[in-house]
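The structure presented is a predicted model; accordingly, all values stated were derived computationally and were not measured.
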Amino acid sequence: MAEETELLDKIEADEVIVEVIDKNTGKMFRRNLPLGYLETDNGVILSGETIDGKPAQINFLSDAALAKINDLFGKGPDHSRCDNKEEQG
């Protein structure tokens, strides 16, 4: 078995367990939900179906993904994030 400290590039599951604490009673509830789960460096994607049976996804982007998107749209910094001396000068 791989060491726990080994970094994973991707985490996937066909079911998600959600734990919530009710704000009125303080009681904790746990539910198994039939949701697809995909986590990468870019964030988390939850996938399932609407009440009509149509596919649906919710995407939670990581800070790194948002920075990449801002760079693509020209809203990032005007300098390289890398400390590349060839670009300087």
Side-chain angles (χ1 to χ4, degrees):
M1 188 166 169
E3 293 182 25
E4 287 183 33
T5 57
E6 181 181 323
L7 296 177
L8 298 173
D9 291 334
K10 178 169 61 170
I11 301 170
E12 290 183 272
D14 294 327
E15 183 177 275
V16 175
I17 299 169
V18 176
E19 289 183 351
V20 297
I21 298 175
D22 181 69
K23 66 180 181 180
N24 297 313
T25 64
K27 291 184 179 182
M28 183 171 63
F29 297 90
R30 183 178 182 153
R31 303 287 187 258
N32 291 355
L33 303 176
L35 292 175
Y37 179 91
L38 174 61
E39 180 179 345
T40 66
D41 288 343
N42 290 324
V44 173
I45 299 173
L46 298 176
S47 56
E49 293 181 348
T50 66
I51 198 164
D52 298 325
K54 296 178 183 175
Q57 284 188 341
I58 299 175
N59 300 290
F60 299 93
L61 299 176
S62 68
D63 289 340
L66 289 173
K68 290 177 192 175
I69 290 171
N70 282 334
D71 286 349
L72 289 172
F73 284 105
K75 296 179 182 177
D78 288 334
H79 56 81
S80 174
R81 287 188 217 167
C82 301
D83 193 19
N84 189 345
K85 298 189 185 225
E86 289 177 16
E87 291 182 10
Q88 298 173 356

Side chain to side chain contact (heavy atoms under 4.5 Å, CB included) between Asp14 and Leu35, worked out: CA-CA 6 Å; Asp14 294 327; Leu35 292 175; over 6 Å; no
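- Linking Ile, Leu, Val, Met, Phe, Trp and Tyr residues whenever their side-chain heavy atoms come within less than 4.5 Å leaves Ile21 and Val18 in two separate clusters.
- Dense packing is recorded around CG of Asn32, with more than 12 heavy atoms of other residues, nucleotides or ligands lying under 6.0 Å away.
- Residues Ile17 and Arg31 fail the side-chain proximity criterion, which asks for heavy atoms closer than 4.5 Å.
- With sequence neighbours excluded, the residues forming a side-chain contact (heavy atoms from CB on, under 4.5 Å) with Gln57 are Ile45, Ser47, Asn59, listed by chain and number.
- One hydrophobic cluster, built from ILVMFWY side chains closer than 4.5 Å, cannot hold both Leu38 and Val16; they sit in different ones.
- Residues Leu33 and Met28 do not share a hydrophobic cluster, clusters being chains of Ile/Leu/Val/Met/Phe/Trp/Tyr side chains in contact below 4.5 Å.
- Under the 3.5 Å distance criterion, the side-chain polar atoms of Ser62 are matched with a main-chain donor or acceptor of Asp41.
- Under the rule for a side-chain contact (heavy atoms from CB on, under 4.5 Å), the partners of Asp22 that lie at least two apart in sequence or sit in another chain are Asn24, Thr25, Phe29.
- The CG atom of Asn42 sits 11.5 Å away from atom CG of Asp63, with the distance rounded to the nearest 0.5 Å.
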